**Student:** 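Right, I'll just put the structure down here and ask away after.
Treat the numbers as computed from the prediction; the structure is a model and nothing was measured.
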2 protein chains.
Amino acid sequence: MMPSSSAPSAPSPGQPTTLRERKKLRTRQALADTAVALFGERGFDGTPLDALLEQVEVSRRTFFRNFRSKEDVALTAVKQLWGTYLDVLGAAEKSGPLADVLLGAMLTTLDRMDEDWYRRFPPTLRLIADSPALDGHALRHCAEVQEELVRRLGVPDRLELRLLIEFFVAAWRCALDEWLPECARGELPALLRRSCSSMAPALTLEA
Amino acid sequence: MMPSSSAPSAPSPGQPTTLRERKKLRTRQALADTAVALFGERGFDGTPLDALLEQVEVSRRTFFRNFRSKEDVALTAVKQLWGTYLDVLGAAEKSGPLADVLLGAMLTTLDRMDEDWYRRFPPTLRLIADSPALDGHALRHCAEVQEELVRRLGVPDRLELRLLIEFFVAAWRCALDEWLPECARGELPALLRRSCSSMAPALTLEA
DNA sequence: GCAAAAGTGCCACAGTGTGGCGTTAGCTCC
DNA sequence: GGAGCTAACGCCACACTGTGGCACTTTTGC
């Protein structure tokens, strides 16, 4: 609907300058980190939000000023990934096959994520796999990113562009599913490449 | 997770015989019909569940014995479609290109849905378009159907099968988006065919 | 310093979803 | 066609999520 004016989640500015902003960012990170840890232990649905608030020592009111929902805080790592992806794609040179552009941007993104993110992402994926509610939110977030991608990559044929983006995100999710059990950082790019190169053969699959 | 043992939603038996079952089915349909109408007027998020319960004259307890959630009742038409699709696909002969099998089954399904369904489906799509929460639930349901499809269409290459199914569902959603403004019954099959035939060209799209 | 602004905590409330329990209504068997 | 059984229902109370209002503290900029 709208691009989010003063909305919770997604702190766009690169580096917070004032003390106030850094402080707010600290509580945000504390909430996100503790959320993944806590939900990982007791399950997403089995952990009341109050448990998280108590541990981080933050009031409910403050929490909801930083995150839109309980799902939102659990999906912080996912949103960081796609946020970075959109940044990378915005700066990338868009020429040649679009499928390669989309893939290349994700490879760059994966290279750019730091060690801390690689610690928090796999547990987040497991939370998603275990909780349908979280999965729904994650899928919805992907859909929003896809809409944004269609908007940015203006192309004459609207339908084919949308299909290609849907395909790419689907390939990404397939790669994640194969990555999930082990979650070795170095293997994800290879899995994604393999998933993308299986796209064309998949269309001609025989029963 | 599990195939739903005595779970709410999805009445599998074809025709209810006893009076009790028919009565239960009537309240189910009354709830589903009224839900689409009511949510269509006042919006999904803007309509408390109590408004629906009051209009149908059913207690909250009874509602939740028939539907898993407020979203569930709003998505009745969507679930009916995919339920029928799985039935059709189960009975269909699976030979030749899998993409054609998937497409053919959906064309058959669209032909099999009755007039009443074609009245309720478009408003449901508009509800989904207007409410992120509903969209998330709808996407999650699609994901469950996809898992079921992978299970049924056993094929050596797991990855390519999953990709193909993801592609097909993506093409279906693209077709729906183009169908949405008008929603003329006869045009949906053509849109779906066009969407599916755009899949291969999409992969080689240039920036 | 000092006032405006941003952030936070506390309180109360609406809405969704669940468990317990007594009661009604349909089914079954005689 | 009557008695017992059982599924379904209504009502009550509760837990949890998310929001609005208001007072209080901290930071910022003058």
Side-chain angles (χ1 to χ4, degrees), chain A residues 4-9 11-13 16-31 35 38-39 42-75 127 131-134 136-137 140, chain B residues 5-9 11-13 15-31 35 38-39 42-75 127 131-134 136-137 140:
Chain A
S4 84
S5 58
S6 84
S9 196
S12 33
T17 53
T18 76
L19 199 159
R20 200 146 49 188
E21 283 171 2
R22 273 177 289 160
K23 208 167 182 179
K24 193 179 170 91
L25 195 63
R26 260 209 306 278
T27 59
R28 271 189 64 86
Q29 285 185 331
L31 282 168
L38 216 53
F39 295 158
R42 309 171 24 189
F44 179 78
D45 299 311
T47 309
L49 192 54
D50 292 339
L52 173 60
L53 306 182
E54 194 179 347
Q55 187 145 341
V56 189
E57 292 185 308
V58 171
S59 76
R60 195 196 319 290
R61 202 71 189 78
T62 298
F63 173 85
F64 281 104
R65 266 188 286 260
N66 281 280
F67 297 94
R68 268 190 286 273
S69 65
K70 187 184 172 190
E71 287 82 8
D72 195 21
V73 68
L75 295 177
L127 288 181
S131 165
L134 258 190
H137 266 73
R140 169 68 198 166
Chain B
S5 58
S6 83
S9 196
S12 32
Q15 288 302 327
T17 52
T18 77
L19 200 160
R20 192 143 60 181
E21 284 171 3
R22 273 177 290 158
K23 211 166 179 178
K24 193 179 170 88
L25 194 63
R26 261 208 306 276
T27 60
R28 270 189 64 86
Q29 286 184 333
L31 281 168
L38 216 52
F39 295 159
R42 305 203 254 156
F44 179 76
D45 298 310
T47 309
L49 191 56
D50 293 338
L52 174 61
L53 305 182
E54 193 178 347
Q55 186 144 343
V56 188
E57 292 184 309
V58 172
S59 76
R60 194 197 318 287
R61 203 71 188 79
T62 298
F63 173 85
F64 281 105
R65 265 188 286 260
N66 281 281
F67 296 94
R68 268 191 285 273
S69 65
K70 186 185 172 189
E71 287 81 10
D72 195 21
V73 68
L75 295 177
L127 287 181
S131 166
L134 258 189
H137 265 73
R140 170 67 197 168

**Student:** Tell me every residue that passes side chain to side chain contact (heavy atoms under 4.5 Å, CB included) with A:Arg42, counting only those two or more places apart in sequence or in another chain.
**Tutor:**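 By the side chain to side chain contact (heavy atoms under 4.5 Å, CB included) rule, A:Arg42 matches A:Thr47, A:Pro48, A:Ala51.
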**Student:** Should A:Lys23 and A:Arg26 be marked as a side chain to side chain contact (heavy atoms under 4.5 Å, CB included) after you check the CA-CA gap, both sets of side-chain angles, and the distance that decides it?
**Tutor:** CA-CA 5 Å; A:Lys23 208 167 182 179; A:Arg26 260 209 306 278; 4.0 Å; yes
**Student:** To 10°, what angle do the rotation axes through the five end pairs on each side of the helix from C:dG1-D:dC30 to C:dC30-D:dG1 form?
**Tutor:**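 Taking the rotation axis at each end, their angle is 30°.
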**Student:** Chain B on DNA chain C: first and last contacting nucleotide, 5' to 3', under 4.0 Å to a heavy atom?
**Tutor:**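 So the contact region on DNA chain C extends C:dG15 to C:dC27.
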**Student:** Of B:Ser59 and B:Arg20, whose nearest nucleotide on DNA chain D comes first from the 5' end?
**Tutor:**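 Closest to the 5' end, via its nearest nucleotide, is B:Arg20.
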**Student:** Considering residues at least two apart in sequence or located in another chain, which fulfil the side chain to side chain contact (heavy atoms under 4.5 Å, CB included) criterion with B:Val56?
**Tutor:**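 Per chain and number, B:Val56 pairs via side chain to side chain contact (heavy atoms under 4.5 Å, CB included) with B:Ala30, B:Leu31, B:Thr34, B:Leu52, B:Val58.
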**Student:** Can you measure B:Leu53 atom CG to D:dC11 atom C1' for me and round it to whole angstrom units?
**Tutor:**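 That distance rounds to 13 Å.
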**Student:** Return the minimal non-hydrogen interatomic distance between B:Asp45 and B:Ser131, and the atom names on each side.
**Tutor:**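 Taking B:Asp45 first and B:Ser131 second, the nearest heavy atoms are OD2-OG, 3.6 Å.
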**Student:** Please report the distance, rounded to the nearest Å, between CZ in B:Arg65 and P in D:dG10.
**Tutor:**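 Interatomic distance, CZ of B:Arg65 to P of D:dG10: 8 Å.
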**Student:** Looking at residues at least two apart in the chain, or sitting in another chain, which of them share a side chain to side chain contact (heavy atoms under 4.5 Å, CB included) with B:Leu127?
**Tutor:**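 Residues passing side chain to side chain contact (heavy atoms under 4.5 Å, CB included) with B:Leu127: B:Phe39, B:Leu134.
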**Student:** Is any side-chain heavy atom of B:Lys24 less than 4.5 Å from a side-chain heavy atom of B:Asn66?
**Tutor:**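 The answer is yes; the side chains approach within 4.5 Å.
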**Student:** Starting at atom CZ of A:Arg22, determine the distance to atom C1' of D:dT26, rounded to an integer number of angstrom.
**Tutor:**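 Between C1' of D:dT26 and CZ of A:Arg22: 14 Å.
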**Student:** Atom pairs under 3.5 Å, N or O on each side, protein against nucleotides 14-18 of chain D: can you list them with distances?
**Tutor:**
from, atom 1, to, atom 2, distance (Å)
D:dT17, OP1, A:Leu49, N, 2.9
D:dT17, OP1, A:Lys70, NZ, 3.2
D:dT17, OP2, A:Leu49, N, 3.0
D:dG18, OP2, A:Lys70, N, 2.9

**Student:** Once side chain to side chain donor-acceptor pair (under 3.5 Å) is applied, do any residues pair with A:Thr27, and if so which ones, sequence neighbours excluded?
**Tutor:**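 Side chain to side chain donor-acceptor pair (under 3.5 Å) check on A:Thr27 returns nothing, list empty.
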**Student:** Supply the atom-to-atom distance A:Phe64 CZ to A:Leu49 CG, rounded to the nearest 0.5 angstrom.
**Tutor:**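 A:Phe64 atom CZ to A:Leu49 atom CG measures 5.0 Å (nearest 0.5 Å).
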**Student:** So which atom in B:Gly136 and which in A:Arg140 form the shortest heavy-atom distance, rounded to 0.1 Å?
**Tutor:**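 Closest pair (atom of B:Gly136, atom of A:Arg140, distance): CA-CB, 4.1 Å.
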**Student:** Separation of B:Lys23 atom NZ from D:dA8 atom P, in whole Å?
**Tutor:**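 Going from NZ in B:Lys23 over to P in D:dA8 covers 12 Å.
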**Student:** Please, which pairs that meet salt bridge (Lys or Arg N to Asp or Glu O under 4.0 Å) have at least one residue in residues 52-62 of chain A, sequence neighbours excluded?
**Tutor:**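 Qualifying pairs: A:Asp50-A:Arg60.
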**Student:** Nearest 0.5 Å, what's the NZ-CZ distance between B:Lys70 and B:Phe63?
**Tutor:**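 These two atoms lie 9.0 Å from each other.
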